[in-house]
Amino acid sequence: MATPLAPVETLTQEEAAAELARLAEEIAGHDRRYHAEDAPTISDAEYDELRLRNAAIELRFPELVRADSPSRRVGAAPSGAFGQVVHSVPMLSLDNVFSDEDVADFVASVRRFLSLSPDDELVFTAEPKIDGLSMSLRYENRKLVTAATRGDGTTGENVTANIRTIGEIPQTLPKDAPDIVDIRGEVYMRRDDFFALQKRMAESGQTFANPRNSAAGSLRQKNPEVTKSRPLKFFAYAWGETSEPMGKTQYDVVRRFADWGFQVNDRMERFDTTEAILAHYHAIEAERAELPYDIDGVVYKVDRLDLQERLGFRSRSPRWATAHKFAAEKAMTVVNAIDIQVGRTGALTPVARLEPVTVGGVVVTNATLHNEDYIKGNGTKGEPIREEGHDIRIGDTVIIQRAGDVIPQVLDIVPEKRPADAKPYVFPDRCPFCDSHAVREEGEAVRRCTGGLICPAQATERIRHFVSRNALDIEGLGEKQIEFFFNAEQEALRIRNPADIFTLKKRQEALPATLEGSMQRLDKVEGFGEISVKKLFAAIDDRRQVAFSRFLFGLGIRHIGETNAKRLARHFTSFGAMRAAAEAARMPEGKGDAGNAEWQEIVGINGIGSIVAEALVDFFAEEHNRQAVDDLLAEVTPLDEEPVGTVSSPVAGKTVVFTGSLEKMSRDEAKAMAEKLGAKVAGSVSKKTDLVVAGPGAGSKLKLASELGIEVIDEDQWFQRIGRTD
Ligand code: IVH
């Protein structure tokens with residue numbers, strides 16, 4: 001046993017900080033061994049002791065609570081402790097708006113999409129946005145069968161046993177409920193219940209930062225008895241798959257939920273003007289502190305379900321709803337240091353290290369400073385922080401703001417509080433990680449490290465991106481592990497690029513099992529152990545076949561985020577076909593040049609413009625990138641994407657161009673409708689076009705279509721073709 005611990009009352013601030021750091025690491029290690037590896041190395045009582053000590057020190061030095069403090073960690077069980085559930089209808093998120101003008105724009109965009117005239121009525125529901133965690137409850141034959149968290153929207157965690165302990169959630173539905181229905185809503189904890197629970201739990205040292213984390217942590221318990229002891233509640237506000245239509249309006253369906261025994265929010269109301277919606281928003285905002293639960297905005301939804309259906313979805317959120325968020329919470333604190341982080345594209349991002357401060361119930365220790373200009377105060381990221389261009393200096397007192405889960409921002413400085421010796425911050429012109437020049441291109445806000453492949457920061461960030469949740473999604477390779485593998489002295493342990501992840505096991509197995517010391521096997525390395533190594537290798541092997549779009553997104557090509565990766569994958573269906581096109585593509589060289597056919601094909605994909613196409617072509621033009629991809633392809637197979645046309649419809653798989661003015665629908669609705677039916681919508685007519693839908697006033701596109709002998713129909717014929725007669 002180590003030397004006896006000093007009483008908490010006698011600790012100096014420095015000693016306390018050091019001990020909290022040690023405890024954070026130690027407890028995290030025990031958590032991992034207990035939850036992920038099922039191999040605890042200490043007794044429960046010893047573990048409780050550590051947490052108690054942590055809590056006692058934090059109580060005396062609240063300003064020292066660490067970002068990674070065990071008391072702040074959401075739910076101890078890592079994902080994997082629960083089974084997975086694939087949502088039959090994805091759980092999407094909501095777009096956010098922040099100002100009254102944004103709301104007016106949202107309403108206008110819905111009207112425009114639906115081609116409504118100013119006299120046409122359009123009703124919205126408005127209701128509080130509950131700050132909890134979303135849940136999908138599946139009822140089959142009116143019995144609760146599965147409860148799943150949102151997860152990545154497609155796949156969530158199966159928390160059925162825990163959800164069954166929540167008294168407010170009906171286990172069965174009445175006769176008039178459909179045979180199949182996914183009820184969706186928010187699991188949350190009331191503020192008073194949260195505070196009472198905090199008190200109760202303070203003794204065990206395990207506390208949560210806010211009601212939301214508390215609800216999440218309570219739900220992710222391995223033992224349903226623990227969940228049962230936690231005061232969780234549920235509001236129903238949406239639905240997923242249903243075996244029959246639910247009703248005519250959002251409002252009616254939510255009323256039905258209430259009839260079936262669900263709690264629904266009593267602040268949901270209907271309005272038919274932007275002014276009335278905003279009045280309700282401001283009323284809810286004023287009541288916010290008095291409401292018994294935390295909310296972070298107001299959600300607006302188009303009330304009529306037939307209109308919701310027509311509006312449909314963007315890639316991640318419905319067009320028929322938006323969340324109007326409350327203004328972010330602010331606080332004052334001091335900048336202790338400014339650090340530079342280097343991302344996978346080499347961008348240098350300054351980060352303010354702050355004196356810890358509580359904003360909206362969460363301790364904030366870092367805030368982004370975006371870029372060089374933002375620090376100077378004549379920045380391009382948003383508005384200048386101060387008109388007269390004040391700079392942010394180390395030692396400055398600053399106002400910070402935190403909204404929801406986004407990274408806190410430094411909004412402004414407090415000039416009166418500036419220490420006399422504070423000096424302007426000099427932005428480095430060299431990369432702090434590889435010492436290469438960091439340059440800023442004309443017109444760019446960002447300074448980039450030119451180290452490319454030799455820069456360890458870029459390389460580790462690329463690996464982090466590659467294994468991240470929406471890319472290859474390899475569990476067990478967090479920041480620490482990646483750093484460990486990247487810096488490993490021995491070749492057999494080293495991961496320097498994505499392909500190395502997949503050869504790690506082979507390289508390890510080639511070593512004798514008895515190795516210790518400088519030539520180690522991973523299972524002998526401190527902090528790994530046999531079980532976690534097995535789990536890691538299994539997680540890696542599990543991703544040897546992966547969706548084309550995830551693979552492409554994982555490569556981290558500039559401008560190719562998830563949405564563009566999906567667009568490219570759906571168009572080309574196979575990675576090989578896309579790569580061949582990218583390698584053969586020739587970009588336009590000056591006016592009058594349209595590039596070659598491959599270039600045309602890429603820029604012709606709906607949503608992919610020349611910036612994205614150029615980034616893709618540039619990527620494959622580099623020998624080292626082609627080599628890295630080849631190495632990866634030797635280990636990993638990107639699976640062919642479902643071709644766009646697998647939906648069965650008369651226009652599935654066809655390339656359609658809309659031109660001229662449309663009278664029954666907006667251009668956006670036409671496009672969305674065609675895509676939903678499995679067609680590709682192109683912006684220009686070419687040999688690849690199958691069908692042109694032309695309205696009055698169609699010009700050159702129509703002419704070209706007839707020259708090329710492409711079928712041309714009008715709007716009515718389009719509706720007939722797709723079988724919509726209304
Ligand atoms: S409607 C298709 N209504 O906000 C989207 N969401 O930021 C259906 N949320 O994931 C969501 N209160 O967890 C809706 N009254 C409310 C809500 C609400 C909270 C959450 C929900 C969603 C997130 C999106």
Side-chain angles (χ1 to χ4, degrees), residues 74 87-98 102-103 106 110 124-137 147-157 159 163 181-190 210-213 215-216 219-220 232-242 246 249-251 253-255 257-258 262-271 277 280-281 284-285 287-288 291-305 307-326 328 403-406 672:
V74 181
H87 301 298
S88 54
V89 171
M91 288 182 83
L92 298 173
S93 73
L94 292 171
D95 233 23
N96 292 326
V97 297
F98 296 93
D102 290 346
V103 177
F106 164 69
V110 170
F124 289 89
T125 58
E127 71 203 64
K129 183 170 188 300
I130 315 297
D131 201 6
L133 66 152
S134 48
M135 187 60 50
S136 191
L137 308 173
T149 62
R150 176 162 177 265
D152 64 2
T154 311
T155 312
E157 283 185 321
V159 289
I163 281 292
V181 57
D182 296 329
I183 306 278
R184 291 182 175 170
E186 205 84 354
V187 172
Y188 69 99
M189 197 178 278
R190 282 170 58 116
N210 52 41
R212 180 177 188 274
N213 287 3
L219 204 63
R220 298 189 77 254
L232 294 174
K233 307 216 166 273
F234 179 78
F235 276 131
Y237 54 63
W239 58 98
E241 188 184 354
T242 61
M246 298 287 282
T249 64
Q250 180 78 30
Y251 196 84
V253 178
V254 173
R255 291 261 64 82
F257 289 169
F262 290 97
Q263 293 301 316
V264 299
N265 196 283
D266 61 359
R267 298 300 281 121
M268 174 163 106
E269 285 182 46
R270 289 198 272 201
F271 304 98
I277 290 172
H280 191 56
Y281 169 85
I284 292 180
E285 190 181 30
E287 279 169 37
R288 185 178 181 188
L291 286 176
Y293 42 82
D294 280 356
I295 63 173
D296 57 350
V298 177
V299 181
Y300 310 134
K301 300 171 188 168
V302 169
D303 192 36
R304 264 174 54 186
L305 300 185
L307 298 183
Q308 285 191 4
E309 171 86 26
R310 276 177 62 191
L311 284 153
F313 299 88
R314 286 180 226 91
S315 63
R316 261 182 269 232
S317 56
R319 281 195 197 83
W320 45 263
T322 199
H324 189 177
K325 300 292 272 289
F326 293 134
D405 284 338
V406 302

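One-based numbering, in listed order, for ligands and for the atoms of each.
- Ligand 1 has a nitrogen or oxygen under 3.5 angstrom from a nitrogen or oxygen of K129.
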Full working for side-chain hydrogen bond (donor to acceptor under 3.5 Å, both in side chains) between E186 and Y237: CA-CA 8 Å; E186 205 84 354; Y237 54 63; 2.4 Å; yes

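- Ion pairing between R267 and E287 holds under the 4.0 Å rule for side-chain N and carboxylate O.
- The shortest N/O to N/O separation between K301 and ligand 1 falls below 3.5 Å.
- Aromatic pair F98/H324: centroids not less than 6.0 angstrom apart.
- Taking the centre of each ring, Y293 and F235 come in below the 6.0 Å mark.
- Using 4.0 Å as the threshold, P318 has a heavy atom nearer than that to some atom of ligand 1.
- Proximity of A323 to ligand 1, defined as any heavy-atom pair under 4.0 Å, is not found for any part of the residue.
- Ligand 1 has no atom lying under 4.0 Å from any heavy atom of G185.
- Of the protein's non-hydrogen atoms, E127 OE2, 2.7 Å is the one closest to atom 15 (N) of ligand 1.
- The line from OG1 of T125 to OH of Y300 is 10.5 Å long, rounded to the nearest 0.5 Å.
- Counting protein heavy atoms only, atom 12 (N) of ligand 1 is closest to I130 N, 3.0 Å.
- Applying the 6.0 Å contact sphere to CZ of R316 captures no more than 12 heavy atoms from other residues, nucleotides or ligands.
- For CD of E241, the number of neighbouring non-hydrogen atoms (other residues, nucleotides, ligands) closer than 6.0 Å is greater than 12.
- Considering only non-hydrogen protein atoms, atom 13 (O) of ligand 1 sits nearest to E186 OE1, 2.8 Å.
- The backbone and the side chain of L94 each have at least one atom closer than 4.0 Å to an atom of ligand 1 (non-hydrogen atoms only).
- When hydrogens are left out, the protein atom nearest atom 9 (N) of ligand 1 is Y237 OH, 3.3 Å; that is the closest non-hydrogen contact.
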Steps toward side-chain hydrogen bond (donor to acceptor under 3.5 Å, both in side chains) verdict (R304, T249): CA-CA 4 Å; R304 264 174 54 186; T249 64; over 6 Å; no

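- Inclusion of S134 in the set of residues having an N or O under 3.5 Å from an N or O of ligand 1 is warranted.
- Checked by distance only, ligand 1 and A238 stay at 3.5 Å or farther apart across all their nitrogen or oxygen atoms.
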